[in-house]
Amino acid sequence: MATTTAPPTVINAKLNGQDIQTKPGTLLINLTKELGIEVPAFCYYEGFTLQAACRMCLVQVNNSPKLLPGCTTMVTEGMVIETESPLVVEARKSMLEFLLVNHPLDCPVCDKGGECELQDMVFKYGAGESRFVDIKHHEPERAFSPVVYYDPARCILCYRCVRVCDEGYGVNALGVINRGVHSEIAPNLGDQLNCDECGACIDICPVGALTSNTYRYKTRPWELKHVGTTCAHCSNGCKTTLGVRNDEIMRANNRDSSGLNEEFLCIKGRFGFDFNHHAERLQSPLMRIDGQLQPVSWSKALSAVAAKFLEVKAAGGKFGVIGSNRTSNEENYYLQKFARHGLGTNNIDHARTGDVVTLVDALSGKQGKLATMADLYQSKAALVIGSDLSQQHPLLAYELRRNWRHHQARIYAMTPGPVREDKYAAMKARVPAGQEIAALEGWRDQLAKEGELLILFGDSVKGEAVRQLVDFGESLGIPVKYVALVDYANSRGAIDMGLTPELLPGFVPSQKPGLTMPDMLDGADLDVLWIVGANPLERRSLTGKRPFLVVQDLFLTGTASEADVVFPAASAYEKKGTVTNVTGEVQRLSAAVKTMGAKADLEIFGLLGKEMGLDLGIWTADAVFAEIRQNVRAYNVTMPILASGGAAPTTPVNGRVNVEMRPDLIQSAGDTLFTSGSMTKYSQVLNSVPERPGQLYKPV
Amino acid sequence: MFNQPSPHEVKILTRCFGVENSHRIDASLAHQGYDGLKKAIEMGADAVINEVKASALRGRGGAGFPTGLKWSFIPRTSPKPKYIVCNADESEPGTCKDRLLIQNDPHSLIEGIAIAGFTMNSNKGYIYVRGEYRYLIAILETAIAEAYQHNFLGKNIQGTGWDFDLYVHSGAGAYECGEESALLNSLEGKRGTPRLKPPFPATHGLYQSPTLVNNVESFCAVTHIIRDGAAEFAKHGPEKSGGTRLMCISGHVQRPGVYEMPLSTTLPFLMNEVAGGLRPGRTLKAVQPGGSSSPILLPEECNVGLDFDSLAKAGTMAGSGGIVVLDDTADIVSYALRIISFYQHESCGWCIPCREGTTWLKKILERLDRGEGSMKDVDLVGELAKNMFGRTFCALGDAAAWPTGSIVKKFRGEFETKLAAHQAKQVSAELVMIG
Amino acid sequence: MSLQLSEATQARWQKILDSYPEGRKRSAVIPMLIFAQDEIGMITRELMEEIARRAEVEYLQVEEVVGFYSMLRKQPLGKYHVQVCTNISCMLVGGMDLWHHACQTLHLGNKQTSSDGLISIEEVECMGACCWAPAVEVNYDFHHHVTPARFDEIISELREKG
């Protein structure tokens with residue numbers, strides 16, 4: 001009588017003499033990693049195609065003299081694995097000896113020194129001397145782009161760079177040319193790169209073959225203090241680890257692959273920190289004296305502004321406050337408190353870039369409908385509407401692509417122009433802004449067949465269209481989650497913290513909605529206009545009566561140039577606080593450096609409030625955040641997650657948000673990988689790459 | 001035809017060589033051309049595979065894998081398209097037989113491929129011809145056109161309802177493309193680097209579909225096996241190495257050439273009776289029985305059968321059937337250098353030990369060839385070869401390390417002599433300078 | 001300047017492109033490269049871009065194979081490219097000496113071309129003529145049993161042809 005045996009759920013094997021158990025389908029190299037045993041490897045990199053090309057991971061299996069690569073060998077029942085047998089030890093030594101045949105002894109001049117995987121491996125597994133006495137094969141270094149340099153002699157041809165660029169980012173800008181020992185990595189234009197200039201290839205390179213031109217020869221990794229913080233640019237909320245020396249940011253990366261973004265960073269996160277030490281950073285308050293902005297002391301500036309504010313308040317005058325997409329939650333909360341309790345006004349707004357408010361209202365009564373970053377990677381299907389993700393939300397693009405690669409997720413792209421998702425989308429369509437809801441009907445049957453769906457939408461879906469989109473999603477009969485795309489590092493936080501005339505923090509409708517930003521700029525006859533971290537007057541002027549203009553910013557922007565008083569603000573990399581990303585996850589900012597003369601916006605609010613004799617509370621980030629946790633619905637987050645550098649999800653109000661829909665206020669800045677609003681012109685790197693808009697190459 | 005046939009040959013695959021216009025279908029049909037295909041259609045796929053197994057045919061490209069067994073691995077009922085790929089990338093130094101088969105009897109190759117196509121439910125086949133064999137492409141394309149005309153290729157072949165298209169694909173110079181997975185990558189338009197196995201080409205071959213890859217001679221042999229029966233073929237060789245093969249003997253023999261010999265042939269017989277022995281006054285120094293990739297044999301080791309298992313037992317291999325004979329005039333150090341230079345040039349560069357190992361070995365052997373170095377360097381060659389062997393991604397690394405290691409081991413004395421001679425010259429040159 | 005290819009090469013290109021299944025045009029890249037090189041004399045950037053377009057691949061994917069395959073070259077060689085094998089079977093019967101003879105009599109090094117552009121020479125690997133060694137290939141024509149004297153004859157014949 002035949003019996004069928006169920007497939008095994010556990011594999012028993014022996015590892016270095018110990019009995020172990022593991023799941024079927026486990027790779028030997030992952031088994032050893034789990035158990036804390038190192039099997040060295042260059043070309044193996046989790047998440048990318050297996051190669052077994054470097055031969056470093058050779059281990060002994062079942063006492064056979066023929067060693068097997070750990071990165072491609074599946075652990076099977078009864079397998080006997082030795083990772084430290086004499087044969088394995090000798091094989092590793094000789095493999096490194098082979099690798100060092102042509103690898104130059106560049107350590108003294110190589111940027112990778114101190115964090116080089118080859119150095120580490122040679123120390124651990126290599127011989128003390130090399131027996132090679134002949135001439136090494138050598139090719140000179142070359143510049144692939146203003147950012148990426150390649151040294152063929154150092155290259156160990158592990159092809160990690162090729163895979164991260166192709167598989168990870170879908171850009172495919174790096175390839176391999178020539179044969180044998182003459183093999184080299186080559187850029188897609190022959191001698192130059194046309195790519196995202198993200199620098200992932202540089203950080204994934206185990207040696208100093210690919211190096212950063214912005215970091216070249218500047219310092220040694222052990223001289224740096226590494227501070228993990230959240231990127232100051234787009235809304236995706238990548239963690240970026242700043243390497244700081246003597247109060248200067250020397251580089252940024254995320255070599256430890258921690259944070260929501262793991263190994264991902266774009267050019268802005270990795271190189272776009274250079275705005276921070278731009279020569280034009282404001283380092284002193286400025287006051288308009290005799291028609292000219294002149295440097296003054298803090299006390300003079302603060303007392304002048306305090307006096308003016310008190311004067312206007314006493315006379316019952318009109319205030320206007322325009323907040324920022326980039327300031328921290330603490331700063332936003334304190335500013336709206338200042339405005340509402342300190343100045344008695346609800347005229348507070350910011351440049352809104354996505355219709356989060358209508359989405360939250362449309363989702364009233366439902367649970368768990370707002371997606372987190374993890375959903376980008378886990379969801380079985382995703383629908384992208386109106387946004388070129390790889391340009392505007394590169395981490396989201398990366399996660400979706402990773403989801404497709406690892407889980408065969410089905411991606412749907414409905415955008416006005418071609419997007420990178422087209423290459424692997426289950427379905428794609430070119431639909432002009434405003435016509436997406438109608439076009440979606442054609443995809444209804446297909447989408448309804450998915451197990452679940454994640455819908456991401458840009459600023460072309462706003463107001464009533466958001467409600468219609470939610471109706472559509474909910475009518476599919478499958479679990480659906482949503483993401484309203486917003487532009488900048490704390491655009492979500494600006495809304496959550498009530499930098500809006502109609503909403504208080506936590507989506508609580510205001511009893512008496514104030515003026516919106518367009519209103520404030522046009523004929524509002526304000527007596528005071530206070531603009532914090534925003535630049536609405538770069539390309540247009542105020543109309544109507546000219547108010548007393550106070551501006552807080554990093555640079556003398558077009559708006560600041562019009563001010564009566566300018567306060568020099570600290571950047572995101574110079575202060576403590578929290579920001580909320582596009583998927584509503586709160587992460588902390590860590591102060592990495594200081595710019596002399598600049599102060600955090602929160603501190604400026606506090607000092608100004610003190611000068612005015614207001615009682616708005618202690619102005620430290622910790623104290624304000626404690627208050628936020630108590631008072632703002634959805635922000636009762638777990639402190640240990642934040643403190644350890646993690647991302648804490650917020651759970652916004654689950655109920656109606658009874659405010660007037662204002663789709664006319666919503667407009668995305670439409671940034672690309674190489675722009676970041678007003679900060680763009682202050683980043684030398686962003687302005688040096690050939691792919692930037694208006695230059696020679698089209699973005700890939 | 002480039003050499004006189006030998007009376008000792010058993011001419012099965014080469015039966016039509018020398019017939020006028022043997023490459024045209026009329027000549028082929030006059031010699032039972034395509035009878036094998038018709039028989040295969042009659043027999044059915046299972047019977048065909050069993051027949052190939054029974055013939056004890058071993059792959060003629062170099063690895064010597066049992067062909068029947070390889071054929072049985074193809075999932076014939078897979079919903080994916082199946083492909084037949086003929087490896088005509090003949091590049092093993094010492095080997096020049098596939099060229100002759102294509103030139104003189106292309107129809108027997110086409111027939112063998114068609115038999116495979118029928119057996120595997122395949123509708124497309126490719127013949128990957130090395131770039132240097134350009135003149136064979138015209139011959140093949142003419143023969144293929146003729147086969148189409150006679151309904152041995154194309155639609156509804158011989159009324160079976162089965163379609164099969166056959167194409168010729170040109171390479172552009174890369175020894176590594178003779179490795180079947182590298183060949184498939186090359187056929188896909190990529191660099192000729194080998195693939196991870198498993199999965200094997202049988203299930204994930206060309207375009208990740210089930211693919212049968214066989215050498216030219218293997219396909220030709222199948223034609224005769226199916227037409228005349230397995231036993232007729234198998235009887236010419238030992239139990240596990242059936243049939244005849246086109247043996248290429250070159251180097252220091254009087255009658256170098258390609259001879260179709262039973263696999264029961266011994267090396268001394270081939271060398272002396274068939275190839276006319278050494279040149280007058282010379283003595284035997286060494287033989288590489290399986291092309292440049294095979295460990296070298298000393299004269300006292302040469303009394304061995306030329307079948308796959310006998311040579312394996314003797315610590316070497318039959319490979320692609322290229323027997324290279326060296327007499328006492330050969331400089332074994334230069335010979336070793338030439339071998340390693342070849343592998344260094346052809347190394348695809350994918351894996352560290354082969355790419356760097358062949359480079360290093362070449363540099364050492366260059367010095368040794370100039371007489372510069374010490375016996376420590378000779379020892380180092382042996383050790384590096386040992387460190388490469390079995391640790392590279394594909395067999396090219398083994399092919400480089402194995403013969404090199406065998407040469408420095410077995411001919412250590414010659415290296416010593418060459419180094420000593422150079423030393424002596426240096427010393428006397430210095431003396432001249434001083435004196 | 002746009003790429004001009006003869007009708008014969010264009011026809012060959014089309015035949016190549018039609019050989020592969022739907023969506024697999026990349027397979028055509030290497031054959032297209034070598035057949036075009038026969039006409040143009042070398043692989044130019046223009047040619048690579050055209051092939052990338054026709055085979056529906058990225059330029060980088062064409063670049064990746066050009067440097068890998070020995071027969072493809074980015075520099076022009078002679079009208080008659082004379083390839084001398086010095087691998088083991090040829091070496092044993094004088095292949096190396098033949099190569100030195102070629103270098104000396106023609107005053108050329110490896111992959112160098114005569115000043116009139118007519119003759120270039122290359123030391124090559126085994127070309128599959130081991131049993132009729134020494135072997136020489138001129139473009140795609142095989143010559144067997146080539147002695148230094150026979151070599152000189154071949155060169156004269158080539159010079160006469162012009």
Side-chain angles (χ1 to χ4, degrees), chain B residues 2-3 81 90-99 124 126 130-135 165 167-175 177 186-193 206-207 248-252 256-258 288 291-292 322 324-327 329-330 334-335 338-339 341-342 345-346 348-349, chain C residues 12 15-16 18-21 23-35 37-38 43 51 55-57 61-62 64-73 83 85-93 95-96 123-133 135 137 139-142 144-145:
Chain B
F2 301 103
N3 54 269
E90 175 168 75
S91 305
E92 179 73 22
T95 317
C96 46
K97 58 176 177 79
D98 294 336
R99 187 181 156 193
K124 265 199 206 326
Y126 294 91
R130 69 177 288 187
E132 297 84 343
Y133 281 177
R134 172 61 65 80
Y135 79 100
D165 285 315
Y167 305 94
V168 179
H169 176 102
S170 172
Y175 168 76
C177 290
S186 184
L187 193 42
E188 290 184 10
K190 304 171 184 163
R191 296 161 61 80
T193 53
L206 186 61
Y207 314 128
C248 318
I249 181 161
S250 64
H252 293 156
V258 180
Q288 275 193 297
S292 62
V324 184
V325 178
L326 290 76
D327 69 22
T329 62
S334 305
Y335 189 77
R338 192 58 187 85
I339 291 178
S341 301
F342 169 66
H345 184 215
E346 297 293 342
C348 73
Chain C
R12 172 57 68 173
K15 186 178 167 113
I16 292 169
D18 291 339
S19 305
Y20 308 99
R24 303 293 186 183
K25 288 208 174 96
R26 188 175 181 183
S27 290
V29 171
I30 294 157
M32 284 172 86
L33 280 165
I34 198 166
F35 278 97
Q37 182 181 268
D38 292 341
I43 309 295
I51 290 177
E56 294 167 22
V57 297
Q61 290 170 312
V62 179
E64 281 190 308
V65 298
V66 170
F68 185 89
Y69 294 93
S70 318
M71 294 175 76
L72 300 177
R73 57 208 184 219
Q83 302 145 79
C85 175
T86 60
N87 212 311
I88 50 177
S89 301
C90 290
M91 180 191 185
L92 288 171
V93 295
M96 205 61 92
E123 183 184 359
V124 295
E125 307 293 354
C126 177
M127 59 176 80
C130 321
C131 300
W132 317 291
E137 199 174 0
N139 294 345
Y140 293 107
D141 297 327
F142 279 83
H144 305 108
H145 306 294

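Lettering of chains follows the sequences in order, A, B, ..., and the numbering in each one begins at 1. Below, each value reflects all heavy atoms present in this structure, side chains not excepted, and no hydrogens, waters or symmetry copies.
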Where [X] and [Y] come nearest, the two heavy atoms and their spacing:
{"X": "B:Ser250", "Y": "C:Cys130", "result": "CB-O, 3.4 Å"}
{"X": "B:Gly192", "Y": "C:Tyr69", "result": "N-OH, 3.2 Å"}
{"X": "C:Cys126", "Y": "B:Ser91", "result": "CB-O, 4.1 Å"}
{"X": "C:Ala129", "Y": "B:Arg99", "result": "CB-NH1, 3.5 Å"}
{"X": "C:Val65", "Y": "B:Gly189", "result": "CG1-O, 3.4 Å"}
{"X": "B:Gly251", "Y": "C:Leu92", "result": "CA-CD1, 3.9 Å"}

Residue part contacting chain C, namely of [X], when any heavy atom lies under 4.5 Å:
{"X": "B:Lys190", "result": "both"}
{"X": "B:Arg191", "result": "both"}
{"X": "B:Val258", "result": "both"}
{"X": "B:Thr329", "result": "neither"}
{"X": "B:Glu346", "result": "side chain"}

With sequence neighbours left out, write down each residue that passes side-chain contact (heavy atoms from CB on, under 4.5 Å) with C:Glu123, or none if nothing qualifies.
B:Arg338, C:Thr86, C:Met96, C:Trp99, C:Asn110
Applying side-chain contact (heavy atoms from CB on, under 4.5 Å) to B:Glu132 and not counting sequence neighbours gives B:Arg130, C:Met71, C:Glu137
Could you check B:Asn3 against C:Trp132 for side-chain contact (heavy atoms from CB on, under 4.5 Å), going step by step and ending with a plain yes or no?
CA-CA 8 Å; B:Asn3 54 269; C:Trp132 317 291; 3.1 Å; yes
Where on [X] is there a heavy atom nearer than 4.5 Å to chain B: the side chain, the backbone, both, or neither?
{"X": "C:Ala133", "value": "neither"}
{"X": "C:Phe142", "value": "side chain"}
{"X": "C:Lys15", "value": "side chain"}
{"X": "C:Val124", "value": "backbone"}

Kindly compute the distance separating [atom1] ([X]) from [atom2] ([Y]), expressed to the nearest 0.5 Å.
{"X": "B:Ile339", "Y": "C:Ile88", "atom1": "CD1", "atom2": "CD1", "answer": "5.5 Å"}
{"X": "B:Phe2", "Y": "C:His144", "atom1": "CZ", "atom2": "NE2", "answer": "4.5 Å"}
{"X": "C:Cys131", "Y": "B:Ile249", "atom1": "SG", "atom2": "CD1", "answer": "8.0 Å"}
{"X": "B:Cys177", "Y": "C:Ile30", "atom1": "SG", "atom2": "CD1", "answer": "7.0 Å"}
{"X": "B:Tyr167", "Y": "C:Asp18", "atom1": "OH", "atom2": "CG", "answer": "8.0 Å"}

Compute whether any side-chain donor of one residue and acceptor of the other, for C:Ser19 and B:Tyr126, lie under 3.5 angstrom apart.
no
Any chance you could lay out the side-chain contact (heavy atoms from CB on, under 4.5 Å) test for B:Tyr207 and C:Ser27, step after step, and finish with the verdict?
CA-CA 10 Å; B:Tyr207 314 128; C:Ser27 290; 2.7 Å; yes
Does NZ or CZ of B:Arg134 come closer than 6.0 Å to the centre of the six-membered ring of C:Phe35, within 45° of the ring's axis?
yes
Check against side-chain contact (heavy atoms from CB on, under 4.5 Å), C:Ser70 and B:Tyr175:
CA-CA 10 Å; C:Ser70 318; B:Tyr175 168 76; over 6 Å; no
